[in-house]
Amino acid sequence: MTGPDTSQTLSLQQEFINALDKGDEMGPFGPAYVLASAWRLRGPLDPAVLSGALDDVVARHEILRTPVARGTSVALPPDPAPGPVSLTVHDLSGTPEADRDRRGEELLNELEGGRYPVTELPFLRATLAVFAPDDAVLVLLVHHIVADGWSMGVLMHDVASLYAVRSGHDVPALPPARQYHEFAAAQRESLADPAVLKAAKYWREHLAGAEMTLIPADRPFAGKVAAYAAHRFLLDAELTAATARLAKAHRASPFMVFLSAYNLLLRELAGTDDIVAASFSAGRGLGDFHHAVGPFLNFVPLRTKLADCRTFADVLDRTRTTCLGAFSNELPFPLIAMEAPALLASAAEPERDLPAFELLQFPQEASSETVGGLAVTELRRRLLSQEVSCGIPDGIVWALDVLPSGETVSSLKFDSNLFDADTVWGWARAYERILRAAVADPNSPLPQ
């Protein structure tokens, strides 16, 4: 008699990420491939109780204690007792009130640029900077191979709720957690749905002959170890509001306006009118997995042909059509790639790099809430650039985040071995120029 099968099927997202592994220290199994987020905590705070709540979260989400291994098509069984979460506490009681958010951002940058072996369980780590008995910043860090940006809000919500329970507060109990292996199994089962064949036909026709749009590098990669940096800048509230008004006037979303400006920037940088922009979706549309932790994020290629567009309004209308078609026919990226064999054919060229563009759109309740007397607010207004940042498997990531203040933070993560900082600054200035011209007069002729 054999024992129970404790293996777990990988999701298609995990298989795609695994396929990007080059066996080096900077890929998806490397110590730099991490996610970090910072949260301002206001209210009475006991680090010992917080430590217990962090352990409770690891017990709740088994992917945080499930070992990963290179070159496998199944996940290993979770560790029932992975050990306590590492919680480091810093006494920053001398920090003035007005400087505390900035000090939290500095700590976030410092930790995000660290190295964390993928072999160490649990995958969750935490650092607490204590400004006063009722004021602190908590940085949560996980390895990206087991979580995505949406998951960070889920983790903080659960930490706050479990902290309240341990502190004796009468708060609603958390519902049973959905586990990521359940999603992976459901995803595999969904492939028999006839809608998958319909969506595959859309991608086969829409991406016929397409290649991802790449940006020329300042210097070829030439086998160097990737060294990621992050450049951040702010789009002011007036420009952000004008973007929203333009979107509403064209029955579009702000993302579509931001992406339209990005498409025009790619046209300038890559010298082509056939733009295939890499972007992402939350990947959580299959069942009730909104409060689960895992690498749900899905890669989505957005093809927009600009050859006959004469104005920004034309580009926006064309981009809107692209987005509606792509996201209504979304499939896991490996299935899309099967329908478009040429899509990634040039992605490994050492002279060019693949940029990806996203607008962060996580649930707002994950960014700010009060649970059991503890007020939790995410530090999203990140403006400090980093010479050393966390890594990505490959390419460039350009992320926008529309803040509650009405401003938009823009973050550009790039390999400094391929691009100079001045080049990246140039992209940022060109993008803002394009966007400002667009909202000022979307019907003016485009530069030829």
Side-chain angles (χ1 to χ4, degrees), residues 2-21 27-30 33-35 57-80 82 118-119 121-124 142-155 157-158 174-197 199-200 203 279-301 327 329-339 362-363 392-393:
T2 61
D5 180 8
T6 57
S7 64
Q8 303 176 57
T9 302
L10 298 183
S11 70
L12 294 178
Q13 285 93 324
Q14 286 173 300
E15 287 197 350
F16 172 59
I17 291 297
N18 289 0
L20 297 175
D21 181 33
F29 290 91
Y33 188 53
V34 297
L35 284 169
V57 166
V58 171
R60 175 173 169 80
H61 298 286
E62 67 179 32
I63 197 167
L64 297 175
R65 47 190 170 85
T66 299
V68 297
R70 281 181 157 125
T72 180
S73 61
V74 296
L76 301 174
D79 187 336
V118 74
T119 53
L121 292 179
F123 289 114
L124 177 63
V142 296
H143 203 281
H144 206 342
I145 204 164
V146 300
D148 55 16
W150 186 303
S151 298
M152 303 306 288
V154 174
L155 288 172
H157 170 77
D158 288 0
L174 291 172
R178 299 298 303 272
Q179 303 300 331
Y180 190 75
H181 74 83
E182 297 178 276
F183 167 78
Q187 186 184 63
R188 300 282 179 175
E189 293 173 4
S190 74
L191 300 184
D193 192 316
V196 172
L197 292 177
W203 290 109
S279 192
F280 304 98
S281 77
R284 293 173 182 254
L286 182 65
D288 183 19
F289 290 95
H290 284 70
H291 300 288
V293 172
F296 292 88
L297 191 72
N298 193 35
F299 188 81
V300 183
F327 291 112
N329 288 283
E330 184 182 350
L331 291 175
F333 180 72
L335 301 185
I336 296 174
M338 288 175 59
E339 303 300 329
F362 306 141
I392 56 179

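In this text the structure is predicted, and so the values were computed from the model without any measurement. Because only heavy atoms are used, hydrogens play no part in the values below, and waters and symmetry mates are left out as well, while side chains stay in. One is the number of the first residue; the rest follow in order along the sequence.
Taking the six-membered ring for Trp and thresholds of 30 and 60 degrees, Phe299 and Phe280 have ring planes more than 60 degrees apart, a perpendicular arrangement.
Glu15 approaches Arg188 most closely through the heavy-atom pair OE2-NH2, 2.9 Å. Considering all non-hydrogen atoms of both residues, Val293 and Ile63 come closest at O-CG2, 3.6 Å. Contact between Pro67 and Pro78 at its shortest, heavy atoms only, is CD-CA, 4.4 Å. Smallest separation of non-hydrogen atoms from His291 and His61: O-CE1, 3.9 Å. When all heavy atoms are compared, the tightest approach of Phe333 to Asn298 is N-OD1, 3.1 Å. Pairing each heavy atom of Leu297 with each of Asp148, the nearest pair is N-OD2, 3.2 Å.
Looking at heavy atoms from C-beta onward, Val146 lies out of side-chain contact with Thr66 at the 4.5 angstrom threshold. Counting heavy atoms from C-beta outward, Pro295 and Ile17 have side chains that stay 4.5 Å or more apart. Inter-residue side-chain proximity for Asn18 and Phe29 is flagged as met; some heavy-atom pair is nearer than 4.5 Å. Side-chain contact between Leu174 and His157: present, with at least one pair of heavy atoms (C-beta onward) separated by less than 4.5 Å.
Not a single donor-acceptor pair under 3.5 Å links the side chain of Trp203 to the backbone N or O of Leu335. A donor-acceptor pair is defined here as one N or O able to donate and one able to accept, closer than 3.5 Å; such a pair exists between the side chain of Gln187 and the backbone of Leu12. Checking side-chain atoms of Arg65 against main-chain N and O of Ala59 turns up a donor-acceptor pair under 3.5 Å. Proximity of a side-chain donor or acceptor of His143 to a complementary backbone N or O of Gly30 within less than 3.5 Å is detected.
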List the steps, then state whether side-chain contact (heavy atoms from CB on, under 4.5 Å) holds for Leu286 with Ser190. CA-CA 9 Å; Leu286 182 65; Ser190 74; 4.1 Å; yes
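Note that CG of Asp79 is 12.0 Å distant from CG of Leu64, once rounded to the nearest 0.5 Å.
Residues Tyr180 and Phe296 bring their aromatic ring centres within 6.0 Å.
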